[in-house]
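Below is one structure; the comments refer to it alone.
Every heavy atom of this structure was used, including side-chain atoms; hydrogens, water molecules and symmetry mates were not. Naming convention: chains lettered A, B, ... in sequence-line order (proteins, then strands); numbering from 1 in each chain.
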Amino acid sequence: MAQSVYKLTIPSSTRYLEDVRHFVETHARQADLSPEAVEQLKMAVDEACTNVIEHAYKGKGEHQIDIAVIVKPDRLTVRIRDEGESFDPKAYQEPDIFEYARRHKKGGFGVHIMRRLMDQVEYRKRGKINECCMTKYRNNRTPGHGEGQDG
Amino acid sequence: MSNFSVGFRTNGSIQVLDLKGELDAHTASELEAAIQKCRRENRCKIVVNGENLKYISSAGLGVFMAYIEELREQGGDIKIAALQPKVYNVFDLLGFPMLFDIVQTEEEAVARFQQNGEQPDEPA
């Protein structure tokens with residue numbers, strides 16, 4: 001199946017999130033995704049990269065994050081790779097905003113947003129590399145739940 | 001250079017924060033500093049004007065969430081107004097309309113405080 005791949009590597013710092021959003025927006029628009037889908041992709045990728053920076057790399061900026069936009073005829077996938085601490089999707093609990101507000105909690109929504117905005121969110125570990133793949137289908141259908149899928 | 005800024009205005013005892021640009025995990029600290037400044041100055045009744053806010057991630061939403069209870073305990077609140085539709089959608093996605101007063105216009109947000117006895121500035 002024909003596909004195009006576009007890659008970006010950033011240091012693990014939040015100051016580069018704007019660059020990531022711009023990169024994803026550019027290629028999602030070129031791939032003719034709807035304006036709504038483009039916004040959803042930007043946000044989901046922002047959340048995924050923020051999680052890598054804050055949790056996998058504990059806010060340390062000397063690491064790197066590899067981002068790839070993979071365009072296929074029926075879908076667009078963004079793949080995010082890091083070598084930090086792994087995320088266990090099975091241990092994730094859906095946020096309760098009232099409880100979070102009571103606890104003055106600032107975070108914990110990222111994965112929830114990624115799952116809500118994307119058609120598919122998968123986490124894999126390949127040796128030292130953590131990989132998160134988020135997919136948006138052009139016809140907005142949600143595919144069957146395959147092995148390794150989360151969300 | 002940050003692509004986000006917070007402007008400060010007052011309307012009687014109500015503090016208006018004008019948000020502009022993109023609010024993400026990098027710029028959320030600027031919003032947090034603005035809310036902390038309001039708290040230091042005992043300005044706990046805050047209206048956030050989001051007319052020029054182009055983007056918000058969960059890190060931005062988290063700042064509102066972290067301070068809302070504290071401000072309410074001090075007799076204040078955060079009321080959010082004039083959000084662009086795509087920004088409102090993010091608030092809505094996480095159920096924030098259940099936790100926050102989110103209204104169409106700044107005037108409406110101010111009026112919500114006035115219903116509780118606050119007086120605005122006299123018109124110039």
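- Heavy-atom distances place both the backbone and the side chain of B:E70 under 4.5 Å from chain A.
- Only the side chain of B:I68 comes within contact range of chain A, with at least one heavy atom under 4.5 Å from a heavy atom of that chain.
- With hydrophobic clusters built from ILVMFWY side chains whose heavy atoms lie under 4.5 angstrom apart, A:V20 shares a cluster with A:Y6.
- We find the CZ-CD1 distance between B:F100 and A:I97 to be 7.5 Å, quoted to the nearest 0.5 Å.
- In this structure, A:K58 places its NZ atom where more than 12 heavy-atom neighbours from other residues, nucleotides or ligands lie under 6.0 Å away.
- Summarising the geometry of A:E54 relative to B:A25, their closest heavy-atom pair is OE2-CB, 3.9 Å, with the distance given to 0.1 Å.
- Within the model, atoms CG of B:D24 and CZ of A:R15 stand 11.5 Å from one another, a figure rounded to the nearest 0.5 Å.
- Here the CG atom belonging to B:L61 is positioned 13.0 Å from the OH atom belonging to A:Y100, to the nearest 0.5 angstrom.
- Checked against B:S57 for a side-chain contact (heavy atoms from CB on, under 4.5 Å), the options A:D46, A:T50, A:T14 give a single hit: A:D46.
- No continuous path of ILVMFWY side-chain contacts below 4.5 Å connects A:V5 to A:I65, so the two sit in separate hydrophobic clusters.
- Note that OH of B:Y55 and CD of A:E18 are 10.5 Å apart. Values are rounded to the nearest 0.5 Å.
- One hydrophobic cluster, built from ILVMFWY side chains closer than 4.5 Å, cannot hold both A:M134 and A:I70; they sit in different ones.
- Taking each heavy atom of B:S58 and A:G110 in turn, the nearest pair found is OG-N, 4.0 Å.
- Rounding to the nearest 0.5 Å gives a distance of 7.5 Å between CD of A:E36 and CG of B:N89.
- From A:K42, atom NZ reaches atom NZ of B:K86 across 5.0 Å, with rounding to the nearest 0.5 Å.
- Interface check for chain B: of the options A:I53, A:I113, A:L17, the most heavy-atom pairs under 4.5 Å are formed by A:I113.
- The two atoms that bring A:R116 and B:L93 nearest to each other are NH1-O, 3.6 Å, heavy atoms only.
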